[in-house]
Structures are given as C-alpha cells and as structure tokens.
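First up is the structure itself, then whatever we jot down about it.
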Amino acid sequence: MIRSIPEITLNDGLTIPAIGLGTYKMNGNVGVQSITSAIDNGYRLLDSAYNYENEGTVGEAVRKTGVQRQDLIITSKLPGRYHQYDLAVQTIQESLYRANLDYYDLYLIHWPNPKQDVYVEAWQALIDAKRWGLVRSIGTSNFLPEHIERLEKETGVKPSVNQIELHPFFNQEEQRKWHEENDVQTQSWSPLARVNNVLDNDILTAIASRHNKSVSQVILRWHYQLGSVAIPRSTSPVRQRENLAIFDFELSQEEMKRIAELTRPDGRQKDQDPAVYEEF
C-alpha cells in the first residue's frame, strides 16, 4: 500500500511532497529501474542535477511510469561552470532537452561558488527561465544566508528552497532558523549521513527500538519534524518503501533533543564549506 505523503507549500505557491528521492549515481538502465521503482512505491519528488549526468535517466523513468507528469515534482540544478547569464540560460534548456521534459518543477543553483562571484547573474537566468515557463519554481543549494540576502537585494526575488547538507551529525540549527524566519524551505541532502556511522549510533538505535522502527526511519522522521524535506537516495525497493513509512509515529521533544545533541562542529562529510567551496 502506498502511503499518503504530507505536502508543503513553498513561498511562491508550489506544493511539494515532504520527502523525496535523491538520484545521485542513478544512471543508465539500472538508474531508470531504480527511479521507476521509487515512483511505483509512492515517491513524487525526484531530485537530480546537471552534474549528476542523469537527467536523461530521470526523464526516461518518468516516461516509463504510469504516473502522470503533472503529479511529479522534478528538480535539477545548475553547475558552477555555467553561472554566466547566457551560459545559464543555455544550460537550463539543455537540462530540459536531456530529460525530454517541457519544464522542471524546481531548478536550483547547485553551489554559490563565491570566488567566481557570478551567482547573481545565474539567479537572474533562473528568474527569466521561470518567467518563460521553463521552470515552475526556483531555488538554491548550499547557499549561506548572506548569499540569499544578496540575491533578494539585487533581484527582488527570494529562493523558494535552499538545499543544504543536513543530518544528525551536522544539524545546521542556525541556517534552519534563518530559513524559517525568511520563508525559505529547507531541503536536506545526504539526510542519513554515512549510513554505516549512524546505524551503529547508540542513541539512534535506542530511539529506533523504542518506536519499533529502523534507524533510517527515525532520522527521516527527525528531518520531517524539523520541517525539512529530506531526499534520501535508495536503489532498493524495500528501502524505498521503508523510507516513506515515517508518518505513523512521532518523536518526543526529548528524543528530538537527543538527536540534536549528536551534531558536531566538523560534521560536514566532505568538508564542503559553501563559503569557500567551488563546484564546476
């Protein structure tokens, strides 16, 4: 049975599911099968990126499934090497050609690349792409508050979403609070961190045992109760179903607090600090 997934309304009116599927490293026929399986299991939000080189795979899975295109929320992201306005416009068009789609529901700037300092130009391209009907909603990924404030100051348009690294070992409390105060929806990439590390964590396993749930389900429920849209990646149909089965229990305030205490100052998995990291 496919469970009903709660929905969240973004600041521009687009409604998205409260959990989605990450598709990183889902490529080719195997990727199509994994994504089709996820859609069949109830996922309606699919997260991709130009640099994942799998937009075509996502598009093929969409064509193979019985679910109508309008019932899916499909995301892609602009890579750092194409931030200049004209290149950004072409890249958004190319993203659509690769996937054989008429539009993306969400299109994000993947990283701010502050050393290049062309992200405002890229943002203007996304604004225009939305105006032209190529994209329904536009957002950012890995942007710090000062980057987002600059976008709004210079263009008058605020992102609907900011997708950030967020998991129990790096809970981004200050950034999440800023998002909430400024009506920007948080999305969590790498929501389960390195799975092997979290599955053995004593606090998480104790909470999972108390609720008769898996550690992954507890973590994804934690994201949901934080108000963040997690996009876990899974190719296993069993895990895909398990990751959606998080809406029939609730973590207590004390359990949420215990999970929050797992965060670490050096909790980033790959030391990718948006203040200095450059993606190409």
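- Judged purely by atom type and a 3.5 angstrom limit, Thr65 has no side-chain atom pairing as donor or acceptor with the backbone of Val62.
- Scanning both residues, Ala208 and Val218, for their nearest heavy atoms gives CA-CG2, 3.6 Å.
- Applying the side chain to side chain contact (heavy atoms under 4.5 Å, CB included) test between Glu250 and each of Glu255, Gln225, Met256 identifies Gln225 as the sole match.
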field: Worked verdict on Gln175 versus Leu144 for side chain to side chain contact (heavy atoms under 4.5 Å, CB included)
entry: CA-CA 7 Å; Gln175 176 107 22; Leu144 297 173; 3.8 Å; yes
Intermediate values then yes/no, side chain to side chain contact (heavy atoms under 4.5 Å, CB included), Ile109 and Leu126: CA-CA 8 Å; Ile109 303 177; Leu126 266 65; 3.9 Å; yes
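- From Ser137, atom OG reaches atom CG of Asp105 across 9.0 Å, with rounding to the nearest 0.5 Å.
- The side-chain heavy atoms of Ser216 and Asn243, taken from C-beta on, include a pair separated by under 4.5 Å.
- Panel note: side chain Gln185, backbone Thr9; no donor-acceptor pair is recorded below 3.5 Å.
- Within the 4.5 Å cutoff, the side chain of Val229 has heavy atoms near those of the Ile16 side chain.
- Checked by atom type, the side-chain pair Thr57/Asn27 shows no donor-acceptor distance below 3.5 Å.
- Side chains of Asn171 and Trp222: a donor-acceptor N/O pair is absent below 3.5 angstrom, by distance only.
- The environment of Asp183 atom CG is dense: over 12 non-hydrogen atoms of other residues, nucleotides or ligands sit within 6.0 angstrom.
- Around the CZ atom of Arg239, the shell of radius 6.0 Å holds no more than 12 heavy atoms that belong to other residues, nucleotides or ligands.
- For the atom pair Met26 CE and Ile35 CD1, the distance stands at 6.0 Å (nearest 0.5 Å).
- Of the possible donor and acceptor atoms, none in the side chain of Glu165 sits under 3.5 Å from a partner among the backbone N and O of Phe170.
- Between Glu53 atom CD and Glu55 atom CD the span is 9.5 Å, to the nearest 0.5 Å.
- For the pair Ile73/Arg44, no side-chain contact is recorded, criterion being any heavy-atom separation below 4.5 Å from C-beta on.
- Between the Asn54 side chain and the Gly31 main chain, no donor and acceptor come within less than 3.5 Å of each other.
- With respect to Glu180 and Arg176, no salt bridge is recorded, no charged nitrogen being found less than 4.0 Å from a carboxylate O.
- Other residues, nucleotides and ligands place more than 12 heavy atoms under 6.0 Å from the CZ atom of Phe249.
- A heavy-atom distance below 4.5 Å is not found between the side chains of Lys213 and Ile246.
- Residues Val118 and Leu108 fall into different hydrophobic clusters, defined by Ile, Leu, Val, Met, Phe, Trp and Tyr side chains chained together at heavy-atom separations under 4.5 Å.
- More than 12 heavy-atom neighbours from other residues, nucleotides or ligands sit within 6.0 angstrom of CG on Asp71.
- Taken from CG in Leu220 to CD1 in Ile19, the straight-line distance is 4.5 Å, to the nearest 0.5 Å.
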- request: Kindly determine whether Arg268 and Phe169 satisfy side chain to side chain contact (heavy atoms under 4.5 Å, CB included), including the steps that lead there.
  value: CA-CA 8 Å; Arg268 292 189 192 278; Phe169 299 143; over 6 Å; no
Identify each donor-acceptor pair in which a side-chain atom of residues 85-94 lies under 3.5 Å from a protein atom, sequence neighbours left out, and give them as a table.
residue, atom, partner, partner atom, Å
Tyr85, OH, Asp128, OD2, 2.6
Thr91, OG1, Leu87, O, 2.7

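- Looking at Trp123 and Pro159, their side chains come closer than 4.5 Å, going by heavy atoms from C-beta outward.
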message: Show, in sequence, the C-alpha distance, side-chain angles and deciding distance for Gln172 and His179, and conclude whether the side chain to side chain contact (heavy atoms under 4.5 Å, CB included) test is met.
response: CA-CA 11 Å; Gln172 297 264 38; His179 287 171; over 6 Å; no
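- The distance from atom CD of Glu60 to atom NZ of Lys64, rounded to the nearest 0.5 Å, is 4.5 Å.
- Scanning all heavy atoms of the two residues, the minimum distance from Ala38 to Leu21 falls at CB-CD2, 3.5 Å.
- A side-chain donor from one of Glu279 and Asn51 sits under 3.5 Å from a side-chain acceptor of the other.
- Listed for the Ser76 side chain is no donor-acceptor partner under 3.5 Å among the backbone atoms of Tyr107.
- Linking ILVMFWY side-chain heavy atoms closer than 4.5 Å, directly or via other members, places Val120 and Trp111 in two distinct hydrophobic clusters.
- Taking a cutoff of 4.0 Å between a charged side-chain nitrogen and a carboxylate oxygen, Lys77 and Asp47 qualify as a salt bridge.
- Judged by the 6.0 Å distance and 45° axis criteria, Arg81 is not positioned over the aromatic ring of Phe280.
- Considering all non-hydrogen atoms of both residues, Leu106 and Gln187 come closest at CD1-NE2, 4.3 Å.
- Contact between Ala275 and Pro114 at its shortest, heavy atoms only, is O-CG, 3.2 Å.
- The closest side-chain heavy-atom distance from Ile74 to Arg69 is below 4.5 Å.
- In this structure Ser190 satisfies the side chain to side chain donor-acceptor pair (under 3.5 Å) test together with Gln269, sequence neighbours excluded.
- Between Ser214 and Glu242, the closest heavy-atom pair is OG-OE2, 2.9 Å.
- Although no hydrogens or angles enter the test, the distance criterion places a donor-acceptor pair under 3.5 Å between the side chain of Asp12 and the main chain of Leu14.
- A salt bridge does not link Glu149 to Lys153: none of the charged nitrogens lies less than 4.0 Å from a carboxylate oxygen.
- Within 6.0 Å of the CG atom in Asp266, the count of heavy atoms belonging to other residues, nucleotides or ligands exceeds 12.
- By the rule that hydrophobic residues join a cluster once side-chain heavy atoms approach within less than 4.5 Å of another member, Trp132 and Tyr97 end up as members of separate clusters.
- For the residue pair Ser34 and Gln240, the shortest heavy atom distance occurs at O-NE2, 3.1 Å.
- Transitive grouping of hydrophobic side chains (ILVMFWY, heavy atoms separated by less than 4.5 Å) keeps Ile138 and Leu10 in distinct clusters.
- Looking only at atom types and distance, the side chain of Thr140 has a donor-acceptor partner in the side chain of Asn162 under 3.5 Å away.
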field: salt bridge (charged side-chain N to carboxylate O under 4.0 Å, His left out) between Glu174 and Lys177, worked out
entry: CA-CA 5 Å; Glu174 287 186 20; Lys177 183 180 179 186; over 6 Å; no
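- Thr15 and Glu7 are not linked by any side-chain donor-acceptor pair at a separation below 3.5 angstrom, with hydrogens and angles left out of the test.
- Put simply, CD1 on Ile127 and OG1 on Thr155 are 3.5 Å apart, with the number rounded to the nearest 0.5 Å.
- Leu101 and Leu45 are assigned to two separate hydrophobic clusters, defined by single-linkage of ILVMFWY side chains at heavy-atom distances under 4.5 Å.
- Within the 4.5 Å cutoff, the side chain of His110 has no heavy atoms near those of the Leu78 side chain.
- Looking at Ile231 and Thr75, their side chains never come closer than 4.5 Å, going by heavy atoms from C-beta outward.
- Phe143 does not carry Arg150 over the face of its six-membered ring by the limits of under 6.0 Å from the centre and within 45° of the normal.
- In Gln70, the CD atom is crowded: over 12 heavy atoms of neighbouring residues, nucleotides or ligands sit closer than 6.0 Å.
- Side-chain N/O atoms of Tyr104 and Ser95 include no donor and acceptor closer than 3.5 Å.
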